[in-house]
Amino acid sequence: PALRADVVTIFPDYLAPLRLSLIGRAAQTGILDLAVHDLREWTHDRHRTVDDTPYGGGAGMVMRPEPWGEALGALVPPGTTPVPRLVVPTPAGRRFTQAVAVELAAEPHLVFACGRYEGIDARVAADAATRMRVDEISIGDYVLNGGEAAVLVVLEAVVRLLPGVVGNPESLTEESHAAEHDGLLEGPVYTKPPVWRGHEVPPVLLSGDHGAIGRWRREQALERTARVRPDLVPVPVAGRGLDGLT
Ligand SMILES: O=C(OCc1ccccc1)c1cn[nH]c1
């Protein structure tokens, strides 16, 4: 497989959507080797306890280190090659962007640790970091109850970049945030009919003048990016001028 992904969670059913559609097909065709594991497999008490009260007080519960240590030890036994990257979704992580998706898509093996409650005992990441790269990743500045939804987001963004997953790979280079698109947002798109409820498709798109169409699309992308995400608009670098940006 191009990518092996292990997901550890106390809610394995939450990851069921990964068996559908695009990601499901990638798993069926062997491009993706996906395994979802229930963290409670690595508990030994009658109540299969995975959490406890936080040292130092405070509200909420913290996920205990022992089950995680055993789970990661079972999934990544010492000497495992290639060494996987441990991805831990958390609001306290580095921002997940298309560039990070591209980076993760180049990895042969990803292990996802889904946190719940107030998070996972910090020693789990510290201990794992002695054997593998630990990547704490945020999919946005908001708080979820657990990392599972974030894993669905990250895996969808990553798996669709793997060769053979999406029908037309060219569609991957023309979309918002694609590096080939200078990280700009995609402008408006249209299909038939040429007039719908009195709204016309911009005539340039029906002109067959591919130069004009390319310039119009670029202009629309810059305009939309400046309006919606001014932080993404590239500033001309001294000496680089506006090459290719006009
Ligand atoms: O809530 C998130 O992850 C679940 C989580 C993990 C650890 C402690 C609390 C919550 C999240 C938000 N943006 N990106 C990830």
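Excluded from the calculations below are hydrogen atoms, water molecules and symmetry mates; all remaining heavy atoms, backbone and side chain alike, are included. Order of listing sets the numbers, starting from 1, for every ligand and every atom in it. By convention here, the first residue in the shown sequence is residue 1.
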To the nearest 0.5 Å, tell me how far Leu34 CG sits from Ile23 CD1.
8.0 Å
Between Asp6 and His109: side-chain donor-acceptor atoms closer than 3.5 Å
yes
Side-chain donor-acceptor pair under 3.5 Å between Glu70 and His44, yes or no?
yes
Write out the residue and atom name of the closest protein heavy atom to atom 9 (C) of ligand 1, then the distance separating them to 0.1 Å.
Tyr117 O, 3.8 Å
Counting from 1 in the order shown, the ligand 1 atoms closer than 4.0 Å to a non-hydrogen atom of Leu144 are 1 (O), 2 (C), 10 (C)
If we number the atoms of ligand 1 from 1 as shown, the ones under 4.0 Å from a heavy atom of Glu118 are 8 (C)
Kindly confirm or rule out an N or O of Ile139 lying under 3.5 angstrom from an N or O of ligand 1.
yes
For Glu103, is there an ion pair with Arg85 - N to carboxylate O distance below 4.0 angstrom?
yes
the protein heavy atom lying closest to atom 2 (C) of ligand 1 turns out to be Pro91 CD, 3.6 Å
Proximal ligand 1 atoms for Val143, defined as those under 4.0 Å from one of its heavy atoms:
1 (O)
Between Glu223 and Arg218, is the closest basic N to carboxylate O distance under 4.0 Å?
no
One finds that the ligand 1 atoms under 4.0 Å from a non-hydrogen atom of Tyr142 are 12 (C), 13 (N)
Consider every N or O of Gly140 and every N or O of ligand 1, then say whether any pair is closer than 3.5 Å.
yes
Atom 7 (C) of ligand 1: closest protein heavy atom, distance to 0.1 Å, is Gly119 CA, 4.0 Å
Which value, rounded to the nearest 0.5 Å, describes the distance between Leu75 atom CG and Trp42 atom CH2?
4.5 Å
Identify which of Pro89, Gly147, Gly60 has a heavy atom lying nearest to atom 6 (C) of ligand 1.
Pro89
Looking only at side-chain N and O atoms, does Thr90 offer a donor or acceptor that is under 3.5 Å from a partner on Glu136?
no
